[in-house]
Protein chains: 2
Amino acid sequence: MESNTNVITRRERDCLVTLEEDSPKNFPMRLHQIAQTLRVKPPTALNVIRRLERKGLAESKDGMVILTESGDKVAKSILLVHRTYESLLCQSGVSENSACSEAAEVDYIIPAGNARLILKKIGSPKLCPHGKPIPEEE
Amino acid sequence: MESNTNVITRRERDCLVTLEEDSPKNFPMRLHQIAQTLRVKPPTALNVIRRLERKGLAESKDGMVILTESGDKVAKSILLVHRTYESLLCQSGVSENSACSEAAEVDYIIPAGNARLILKKIGSPKLCPHGKPIPEEE
DNA sequence: TCCACTTATTAGTATCATACTAACGATATT
DNA sequence: AATATCGTTAGTATGATACTAATAAGTGGA
């Protein structure tokens with residue numbers, strides 16, 4: 001019945017974030033590069049891409065992969081949560097590197113709405129601890 | 001090689017928390033009661049229990065299930081994270097019920113050490129929004 | 001004592017995410 | 001043309017999750 005669309009796994013999250021961050025100006029990314037970034041073999045990466053395609057988050061042709069509009073939104077929302085949580089952790093006394101890897105564990109689970117509320121509570125910083133901008137609205 | 005001990009799945013988390021909260025004074029819990037609480041059939045619940053046993057977190061005999069000392073520690077640490085995150089969300093403006101279900105999504109992923117730092121940052125409340133005590137140390 | 005009920009357990013099946021190797025095809029480079 | 005690179009397919013494997021059906025084992029009542 002329900003195939004749990006709009007629920008995302010950790011691997012899918014990593015793939016979305018890779019596509020968002022490593023291919024800025026609407027440029028496609030090559031499959032083997034995605035595979036290398038995710039540290040998996042190409043068939044495994046392709047498998048992840050296929051799942052993203054089924055969820056309407058990515059499109060691919062001849063190994064060129066791009067995010068759809070919907071995928072871009074999801075990726076940006078993940079980055080919002082990521083940088084918000086990172087900021088919270090750093091303000092609490094966690095090291096930058098530690099904060100980043102911890103954030104990756106939860107940024108695809110925590111809803112963006114909650115992150116925005118947390119962001120306000122911790123003083124609405126404009127940049128994450130690494131100096132990257134925290135996305136405003138979608 | 002490494003079988004990912006001390007990493008826990010969502011179902012295992014639910015099972016640990018059920019055992020911790022629904023069977024206080026070292027009393028065993030019946031399998032069918034666990035199954036009902038988790039809203040799964042008994043064989044499914046048994047399967048989860050078996051995984052917890054393999055990880056050294058639970059023990060069972062004739063359908064009587066208890067947490068091991070190790071399992072108790074893990075469960076308490078999950079509750080610490082749960083109530084900390086719940087408190088953070090509520091302070092940020094999220095409703096109690098929403099905060100509770102959101103917290104369950106991440107409380108088994110966020111390390112207790114981080115939760116303690118966050119707890120300090122948000123003013124070291126002694127109780128979660130529901131009025132339950134936030135565990136001190138392990 | 002025998003039957004019915006509850007409970008636990010086993011066996012078997014299914015799905016989904018993850019990941020690999022091996023093999024094949026296409027393209028590009030030397 | 002030979003080689004290297006890349007994508008893709010096929011096949012296999014594991015682990016978590018979940019189910020049904022069947023069996024076992026105990027309890028309580030008629």
Side-chain angles (χ1 to χ4, degrees), chain A residues 1-19 22-23 27-66 71 74 78 104-109, chain B residues 1-19 22-23 27-66 71 74 78 104-109:
Chain A
M1 218 46 47
E2 28 72 69
S3 65
N4 259 353
T5 311
N6 78 334
V7 170
I8 277 175
T9 66
R10 174 61 200 265
R11 258 297 174 241
E12 289 162 7
R13 174 263 176 213
D14 287 344
C15 195
L16 283 178
V17 169
T18 297
L19 281 163
D22 293 4
S23 70
F27 243 79
M29 200 169 168
R30 305 305 304 262
L31 176 68
H32 81 276
Q33 199 188 338
I34 295 171
Q36 279 177 351
T37 307
L38 299 184
R39 295 159 184 276
V40 297
K41 302 295 172 198
T44 302
L46 188 57
N47 201 321
V48 179
I49 301 290
R50 293 280 181 255
R51 289 204 305 279
L52 290 178
E53 285 180 325
R54 261 181 262 134
K55 293 177 182 183
L57 303 176
E59 282 171 6
S60 85
K61 193 173 187 304
D62 300 321
M64 318 283 260
V65 187
I66 52 171
V74 172
I78 289 173
E105 301 286 340
V106 296
D107 58 15
Y108 64 106
I109 299 173
Chain B
M1 219 48 49
E2 26 73 69
S3 66
N4 261 353
T5 312
N6 77 335
V7 171
I8 278 174
T9 66
R10 173 61 200 266
R11 258 294 175 242
E12 287 162 8
R13 174 263 177 212
D14 288 344
C15 194
L16 282 178
V17 169
T18 297
L19 281 163
D22 292 4
S23 70
F27 243 80
M29 200 169 169
R30 304 307 303 263
L31 176 68
H32 82 275
Q33 198 189 338
I34 296 172
Q36 279 177 351
T37 307
L38 300 185
R39 296 158 183 275
V40 296
K41 301 296 171 198
T44 302
L46 188 59
N47 200 321
V48 179
I49 301 289
R50 294 279 181 256
R51 289 203 306 278
L52 290 178
E53 284 180 326
R54 262 182 261 134
K55 294 179 181 182
L57 303 176
E59 282 170 7
S60 85
K61 192 173 189 302
D62 300 321
M64 318 284 257
V65 187
I66 52 171
V74 172
I78 289 172
E105 302 284 341
V106 296
D107 57 15
Y108 65 105
I109 299 173

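Residue numbers begin at 1 in each chain, while the letters A, B, ... track the order of the sequences. Please read all numbers here as calculations on a predicted model, not as lab measurements.
Within the 4.5 Å cutoff, the side chain of Met29(B) has no heavy atoms near those of the Met64(B) side chain.
The CE-C1' distance, from Met29(A) to dC6(D), rounds to 15 Å in whole Å. When the P atom of dA23(C) is taken as reference, atom NZ of Lys41(A) falls 16 Å away, rounded to whole Å. Between the CE atom of Met64(A) and the C1' atom of dG7(D) there is a distance of 12 Å, given to the nearest Å. Atom NZ of Lys61(B) is separated from atom P of dG26(D) by 11 Å (rounded to the nearest Å). Put simply, CG on Leu46(A) is 13 Å from C1' on dA19(C), counting in whole angstrom units. Residue Asp62(A) contributes atom CG, which lies 9 Å from atom P of dT27(C) at whole-angstrom precision. Between Ile49(B) atom CD1 and dA18(D) atom C1' there is a gap of 15 Å when expressed in whole angstrom units. Going from atom CD1 of Ile34(A) over to atom C1' of dC6(D) covers 13 Å, rounded to whole Å.
Residue Val40(A) has its side chain nearest to dA19(C) when only dC19(D), dA19(C), dT9(C) are considered. Among the nucleotides dA10(D), dA16(D), dA18(D), the one closest to any side-chain atom of Pro43(A) is dA10(D). Closest approach to the Asn47(B) side chain among dT10(C), dA18(D), dA16(D) is made by dA18(D) (side chain taken as heavy atoms from C-beta onward).
Proximity of Thr44(A) to the phosphate of dC20(C): a side-chain N or O atom is located under 4.0 Å from OP1 or OP2. Regarding contacts with the backbone of dA8(C), a side-chain N or O of His32(B) is found under 4.0 angstrom from either OP1 or OP2. Using a 4.0 Å cut-off, no side-chain N or O of Arg10(B) falls inside it from OP1 or OP2 of dA16(D). Look at Arg30(A) and you won't find any side-chain N or O under 4.0 angstrom from OP1 or OP2 of dT5(D). The side chain of Arg50(B) places no N or O atom within less than 4.0 Å of a non-bridging phosphate oxygen (OP1 or OP2) of dG15(D).
For the pair Arg11(A) and Gln33(B), nearest-nucleotide mapping onto DNA chain C gives the more 5' position to Gln33(B).
Put simply, the residue from Ile78(A), Thr37(A), Asp22(A), Val74(A) that forms a side-chain contact (heavy atoms from CB on, under 4.5 Å) with Val17(A) is Ile78(A). Looking at Val40(A), Leu52(A), Asn47(A) one by one, the single match for side-chain contact (heavy atoms from CB on, under 4.5 Å) with Arg11(A) turns out to be Val40(A).
How far CG of Leu57(A) is from CD1 of Ile49(A): 10.5 Å, rounded to the nearest 0.5 Å. Atoms CZ and CD1, on Arg10(B) and Ile109(B) in that order, are 9.0 Å from each other to the nearest 0.5 Å.
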